[in-house]
Protein chains: 2
Amino acid sequence: MNVKGKILIADDEPDIVEIIRYNLTKEGYEIVTANNGDDAIQKAKLSQPDLIILDIMMPRKNGVEVCEILRAQPAFKDTVIVFLTALSDESSHVKGLETGADDYISKPVSPKILVSRIHAMFRRINKEPEEKVIKIDNLEIDPVKFEAKVDSKAVVLAKKEFELLYLLASKPGRVFLRNEILNQIWGNDVIVGDRTIDVHIRKIRQKLGIDCITTVKGVGYKFTM
Amino acid sequence: MNVKGKILIADDEPDIVEIIRYNLTKEGYEIVTANNGDDAIQKAKLSQPDLIILDIMMPRKNGVEVCEILRAQPAFKDTVIVFLTALSDESSHVKGLETGADDYISKPVSPKILVSRIHAMFRRINKEPEEKVIKIDNLEIDPVKFEAKVDSKAVVLAKKEFELLYLLASKPGRVFLRNEILNQIWGNDVIVGDRTIDVHIRKIRQKLGIDCITTVKGVGYKFTM
DNA sequence: ATATTGAGTTCACAATTTGTTAATATGTGA
DNA sequence: TCACATATTAACAAATTGTGAACTCAATAT
């Protein structure tokens, strides 16, 4: 079987690492392992994996720290990072996802679930960068031409406005939390005031002239037609 | 074999504990034991098990009390709690399920049945923790879209209302204590009056227009269709 | 070099929605 | 029936978002 992808597993418990390695190797993935935070960063840089599984609790930098460090580097911008967390530890989930992880898997890990989740992740990775035109009703958004059309009439949007609209329209109906929007459009580390999003939303609504963005108070915004 | 999960057994009869421990250890579970109510609470907090087996009749806080206390803490939100009851004692069943238990097993325990029930429970636990759409009859609750539908007709719920409905509907039939609801939706430290919950419940009932939340006097609320 | 323009942001305040409380009514079980 | 818990209602408080105007900063034009 040909190699489906390269995965880095970082966990200080050898047993866990072995279970995961065994199951994923069997599925055709190439596996690299690390047993502490610093090691994980080293190995990540060396082997440039497609996906990184990070235990939260590790000696010498925990998973969250490792994730932050890696995410700060352009080389790992698109690398999928998955956290391993104790089932109960909810704060880690939140913290993890806020830190730029793509998903988390709860321990104890069931091999079956692990494998299916990893498969799913790779499916997402391989799905070509969806720079594709979105068409919903009389609205058309073309990320290549950087252009939006309402009733075939072009609407000029500023960069941020366009990105925001594209983000929301990419998953119609789904609510994007303000945090999520900030991370997606502005980046993890940029700090902008709370009203900023509102102002851009308003401009989009204004310019498009159609009511396609719904406010979900206390939660975020969603695209609806 | 790798550890499938951690189970806490609380029963004051050493024989019972040993039978259960033996059988579940053989199946690859990690076992923690307690022999009275207070001890059970202690051990639960310390070892954070995935599943707790509680005898109803125990010295120093009975099973129901232990369950109530644990359920009031967010850390045990997703912990599966199973009661051990004497076969005859039907009122315990009722009381138990009303208190937030997920299942009960009748004594005397047949090892075979015990193991299969526990397996089943763990299958449920491992079902991905992802927020997923709840569909019950003509009601649909989508946490991603933050939207509820009755007969395919969207109903607009405020944040708290939605969270509350989602909580109740996530385990249909299970009673949520007022305490539990407070901890889940408002958080440990926030203090709000008792009537607040009622008001939100009422709004949900009103907005949905269907009778799906049942009041359990003196205990809490449960979702029923 | 200086003015102009527009994106992006921030701010203060208005508008609105949501959440909470308190007071009263209603219902239910011992 | 009498307590007690919940339902209901409306008034109030708090939180969140919308809005218009001003400001910063580059890029571009004059």
Side-chain angles (χ1 to χ4, degrees), chain A residues 146-148 154-168 175-187 189-224, chain B residues 68 91 94-95 98-99 146-148 154-168 175-187 189-224:
Chain A
F146 213 86
E147 176 183 79
V155 175
V156 181
L157 293 176
K159 188 174 162 231
K160 281 258 160 33
E161 291 158 16
F162 189 88
E163 289 175 340
L164 184 45
L165 174 63
Y166 190 78
L167 174 67
L168 295 179
V175 177
F176 288 83
L177 314 182
R178 295 180 98 88
N179 260 335
E180 253 177 294
I181 295 175
L182 285 178
N183 285 335
Q184 293 289 325
I185 310 287
W186 278 264
D189 35 3
V190 183
I191 299 167
V192 291
D194 250 14
R195 298 289 111 252
T196 302
I197 295 180
D198 306 25
V199 174
H200 286 285
I201 293 280
R202 176 180 42 148
K203 285 201 168 175
I204 296 171
R205 298 212 252 233
Q206 230 168 35
K207 288 186 177 179
L208 291 187
I210 54 179
D211 181 31
C212 60
I213 297 176
T214 306
T215 304
V216 183
K217 263 207 156 194
V219 186
Y221 294 93
K222 66 178 171 182
F223 185 95
T224 40
Chain B
E68 277 178 356
S91 58
V94 181
K95 184 75 182 153
E98 276 182 357
T99 310
F146 215 91
E147 176 183 79
V155 176
V156 181
L157 294 175
K159 192 178 165 209
K160 281 254 158 42
E161 291 158 17
F162 188 88
E163 290 175 337
L164 184 45
L165 174 62
Y166 190 77
L167 175 67
L168 295 179
V175 177
F176 288 83
L177 316 181
R178 294 180 99 88
N179 253 337
E180 231 180 310
I181 294 175
L182 285 178
N183 285 333
Q184 298 293 321
I185 310 285
W186 277 264
D189 33 2
V190 184
I191 299 167
V192 291
D194 251 15
R195 295 298 109 243
T196 302
I197 296 180
D198 306 23
V199 174
H200 286 289
I201 292 280
R202 175 169 167 281
K203 284 197 172 174
I204 296 172
R205 284 172 170 159
Q206 217 170 40
K207 288 187 177 179
L208 290 187
I210 54 179
D211 181 31
C212 60
I213 297 176
T214 306
T215 305
V216 183
K217 249 195 127 165
V219 187
Y221 295 92
K222 67 177 171 182
F223 185 96
T224 41

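Letters A, B, ... mirror the listed sequences (proteins, then strands); counts begin at 1. We use all heavy atoms of the structure for the numbers below, so side chains are in, but hydrogens, waters and symmetry mates are not.
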- Message: Taking the nucleotide of DNA chain C with the nearest heavy atom to each, does A:Leu157 or B:Lys203 sit closer to the 5' end?
- Response: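 Between the two, 5'-proximity favours A:Leu157.
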- Task: Name the residue closer to the 5' end of DNA chain C, choosing between B:Ile191 and A:Lys207 according to the nucleotide with the nearest heavy atom.
- Result: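 Mapping each residue to its closest nucleotide by heavy atoms, the 5'-most match is A:Lys207.
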- Query: Applying side chain to side chain donor-acceptor pair (under 3.5 Å), which residue pairs with at least one partner in residues 154-163 of chain B are found, sequence neighbours left out?
  - Reply: B:Glu161-B:Lys207
- Query: How would you give the extent of chain A contacts on DNA chain C, as first and last nucleotide 5' to 3' within a 4.0 Å heavy-atom cut-off?
  - Reply: C:dA7 to C:dT18
- Query: What residues form a side-chain contact (heavy atoms from CB on, under 4.5 Å) with B:Val190, not counting sequence neighbours?
  - Reply: B:Trp186, B:Val192
Nearest heavy-atom neighbours spanning [X] and [Y]:
X        : Y        : answer
A:Tyr221 : A:Thr215 : CE2-OG1, 3.4 Å
B:Arg205 : B:Thr214 : NH2-C, 4.1 Å
B:Ile204 : B:Leu165 : CD1-N, 3.9 Å

- Task: Check whether more than 12 heavy atoms from other residues, nucleotides or ligands sit under 6.0 Å from atom CG of B:Asp194, and answer yes or no.
- Result: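 Yes, because the 6.0 Å sphere around CG of B:Asp194 holds more than 12 heavy atoms from other groups.
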- Task: For B:Thr196, enumerate each residue passing the side chain to side chain donor-acceptor pair (under 3.5 Å) test, keeping only those at least two apart in sequence or located in another chain.
- Result: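 If we apply the side chain to side chain donor-acceptor pair (under 3.5 Å) test to B:Thr196, skipping adjacent residues, there are no hits.
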- Message: For a quick check, with a 4.0 angstrom heavy-atom cut-off, what is the B/S/- contact string for nucleotides 14-21 of chain D, read 5' to 3'?
- Response: -BBBBBB-
- Message: Going by the rule ring pair (Phe, Tyr, Trp, His ring centres under 6.0 Å), which residues pair with B:Phe223 if we only count those two or more places apart in sequence or in a different chain?
- Response: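 With neighbours one apart ignored, the set is empty.
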